[in-house]
Each structure stands twice: as structure tokens, then as C-alpha cells.
There are 2 protein chains.
Amino acid sequence: MAAQQSHSKKIVLSAEQEERLSQRLRSAQLRLTRQRVLLAHLLFRDGNRHVTADGLYEEARMVGLSISQATIYNTLNQFLEAGLLREVIVDSHRSYFDTNLGDHHHFYVEETGQLIDVPHDAIQLTQIPSAPSGFDVAGVDVVLRLSVAK
Amino acid sequence: MAAQQSHSKKIVLSAEQEERLSQRLRSAQLRLTRQRVLLAHLLFRDGNRHVTADGLYEEARMVGLSISQATIYNTLNQFLEAGLLREVIVDSHRSYFDTNLGDHHHFYVEETGQLIDVPHDAIQLTQIPSAPSGFDVAGVDVVLRLSVAK
DNA sequence: ATTTGTGCAAATCGTTTGCATCTGA
DNA sequence: TCAGATGCAAACGATTTGCACAAAT
């Protein structure tokens with residue numbers, strides 16, 4: 001299931017890009033290592049995106065970063081803890097990570113693993129039950145499952 | 001993570017119970033084997049419930065059924081395919097199965113793995129976006145994530 | 001110099017599969 | 001009888017971990 005292509009386009013970051021990322025990682029108490037900076041670049045470069053550990057791994061090697069799967073997992077989890085990423089739960093076998101930290105929901109295409117953001121206000125939840133006593137509602141996730149139209 | 005207790009209460013089904021279950025399995029084209037009948041009994045005995053493969057396994061052995069994990073998984077998947085169960089996706093590492101086939105939503109307590117049904121009409125979804133072209137919305141899942149109040 | 005991160009391989013967890021053996025219809 | 005079900009163990013895929021080495025502060 002690994003998108004194995006050989007576009008070994010090396011990535012070079014501009015000074016500003018490098019700087020912006022550095023801020024971000026530093027303020028998350030994370031050391032600036034080659035792999036973290038490049039993964040952060042891949043993740044935060046252009047707008048919001050969704051990744052899978054395996055997907056990010058393939059992408060990283062494709063741009064010429066020498067990195068191990070363990071580091072991918074460790075890094076994603078660190079970013080998660082640091083609040084740089086959010087997890088999206090739509091599949092019971094794979095973890096998805098989302099760079100969009102705002103309040104929003106998702107479309108999910110099971111067949112392809114494709115995730116699409118749904119803006120928060122595109123869904124009107126006019127009534128939700130209160131939490132059972134002893135609990136608080138910590139979050140409301142809405143997943144619109146898509147299937148290919150026939 | 002295995003709730004290991006030794007309440008080896010053997011289960012004996014009444015004639016009517018046996019009969020009701022038999023109908024159900026037969027109409028799903030499933031043979032009446034000892035393990036299937038007993039698992040079905042555990043699942044459908046009292047109202048709607050949620051199980052995890054491991055949870056059901058522990059429960060089955062606790063009531064004295066000799067069964068393997070493989071059979072638990074196979075059976076759950078068969079029941080799923082046969083439409084006797086539904087899957088609930090709330091955790092990216094574990095699969096949950098729900099005997100409630102109706103339209104409804106869930107509360108989920110991550111710390112304990114507890115799942116609680118939320119009636120369909122307890123949540124008012126007054127507006128949902130239409131599917132991107134080429135797709136249909138096959139389902140809408142709402143998960144209210146609970147945390148222990150402090 | 002010290003602390004923290006990295007790569008690798010081995011370990012783990014949930015789940016699936018192959019195959020020889022049973023068992024229900 | 002014999003297709004289909006079961007148990008076991010091995011295989012699997014995703015993820016985590018232990019440890020020696022390397023790099024960042």
C-alpha cells in the first residue's frame with residue numbers, strides 16, 4: 001500500500017520558511033532536528049492537510065529525507081502532544097493526523113482513505129444531549145461517510 | 001487488559017431463547033454451532049450493547065464456552081456482514097461492535113473505553129453539507145467524546 | 001558535556017489466515 | 001456424507017520500544 005514513486009525532488013527551505021518553522025517547533029519545546037524541521041515543512045507548508053504515518057513516510061523519502069518509520073511515528077506523536085496536530089478518528093485500523101486545529105468536521109471516503117475538511121459552520125448541531133453526570137463533553141466529532149455515487 | 005475473573009457461570013438457554021436465536025441465525029444463513037449460538041445469546045440477550053472482540057472473548061470464557069480468539073473475530077465479522085451487528089468507530093486501535101442497528105449516535109469515554117448510545121433524536125442535525133460531486137453521503141456519525149468531570 | 005533525538009530491529013497489539021480436524025445439516 | 005466451522009499457531013499490518021549511536025544545546 002506504499003505509493004512508491006521516484007520523484008526524488010530534494011527540498012530546500014528558504015530562510016523565512018526555515019525561520020517560521022523554527023519558531024513553531026521551538027515554542028513547542030521541540031529541538032530542531034533535520035527530520036523534525038522537514039516533516040514540519042511537509043505538514044505545514046501549504047494549508048491544512050491530513051496524513052497517515054505511512055503516507056508521510058513515503059512522502060518524506062520521496063523528497064530525499066532519510067528517516068525511519070519509528071521517527072515518523074515518534075514525531076507525529078510529539079507534534080500531537082505539543083498541539084501542533086490533531087488526530088482524526090475515522091478508521092479503526094489506521095490513525096489520521098490533521099494540521100487543521102480549528103473546530104471542524106470531516107468527510108471520509110472509506111474506499112480510498114480520503115479525508116476532506118468540513119467547515120464547522122457547514123453543520124448545524126442545534127441540539128446535543130448533556131453529558132451523563134460525572135462527565136463533560138470534551139468534543140463533538142461529526143463524520144460524513146462518503147461512498148462513490150453510482 | 002483482560003478482565004480476568006473466575007465467575008464460571010455456565011449458561012443454559014431456555015427453549016424459547018434457543019428458538020429465537022436460532023431463527024435469527026438461520027435467517028442470516030449461518031449454521032447453528034455451539035459457539036455461534038452462545039455468542040449470539042451473549043450479544044442479544046438483554047437489550048443493546050457494545051462489545052470489543054477481546055471483551056466478548058473474556059465474557060465467553062467466563063461463562064464456560066471453550067472458544068478461540070479467531071472464532072470470536074470470525075463470528076463478529078460474520079454477524080457484521082449478516083447485518084446482525086454494526087461497527088462503531090471511535091478509536092483508531094480497537095474495533096467496537098454494536099447490537100443496536102437503528103439510527104443513533106454515541107458518547108465515548110476514551111479513558112475507560114466505555115460506549116453509550118445516544119438516541120437519534122437527541123441530536124438535531126439541522127444542516128449538513130451535500131457530498132462532493134461523485135459521492136453520496138452514506139452515513140452520518142456523531143461521537144460525543146466524554147472526559148471525567150473534575 | 002549533557003541531554004535529547006535517531007535508526008534499526010525486535011517487541012507488541014489487534015486482527016486475519018492457512019490448515020488439519022471436527023461437526024451440524 | 002461433506003460443506004462449512006473451529007482451533008491453533010503462524011502471519012500480518014500498524015504502532016511502540018530498547019538500545020547503541022549521533023546530533024543539538
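Keep in mind the model is a prediction, meaning the values are calculated, not measured. We name chains A, B, ... by the order of the sequence lines, and we start the count at 1 in each one. All heavy atoms count here, side chains included; hydrogens, waters and symmetry mates do not.
The side chain of A:Ser68 lies closest to C:dC8, out of C:dG14, C:dC8, D:dT17. Taking only side-chain atoms of A:Asn74, from C-beta outward, the nucleotide of D:dT17, D:dT16, D:dT6 with the closest atom is D:dT17. Looking at the side chain of A:Tyr73, the nearest of the listed nucleotides C:dG7, D:dT16, D:dG7 is D:dT16. Of all nucleotides listed (C:dA25, C:dT17, C:dC8), C:dC8 comes nearest to the side chain of A:Ala70.
For the pair A:His93 NE2 and C:dT16 C1', the computed distance is 10 Å after rounding to whole Å. Here C:dC22 presents its P atom at 18 Å from CD1 of B:Ile67, a figure rounded to the nearest Å.
Within 6.0 Å of CD on A:Gln23 lie more than 12 heavy atoms contributed by other residues, nucleotides or ligands.
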Side chains of residues 109-123 of chain B: which donor-acceptor partners sit under 3.5 Å, not counting sequence neighbours?
| residue | atom | partner | partner atom | Å |
| --- | --- | --- | --- | --- |
| B:Thr112 | OG1 | B:Gln114 | N | 3.3 |
| B:Asp117 | OD1 | B:His50 | NE2 | 2.7 |
| B:Asp117 | OD1 | B:His104 | NE2 | 3.2 |
| B:Asp117 | OD1 | B:His106 | NE2 | 3.2 |
| B:Asp117 | OD2 | B:Asn100 | ND2 | 2.8 |

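Side-chain nitrogen and oxygen atoms of B:Thr33 include at least one within less than 4.0 Å of the OP1 or OP2 phosphate oxygen of D:dT6.
Contact check on B:Arg24 versus B:Glu19 returns no salt bridge, with no Lys/Arg side-chain nitrogen under 4.0 Å from an Asp/Glu carboxylate oxygen.
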**Message:** As a quick check of understanding, evaluate side chain to side chain donor-acceptor pair (under 3.5 Å) for B:Thr75 and B:Gln35, giving each step before the final call.
**Reply:** CA-CA 9 Å; B:Thr75 303; B:Gln35 20 275 20; over 6 Å; no

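Using a 4.0 Å heavy-atom distance criterion, B:Ser92 is classed as making no nucleic acid contact.
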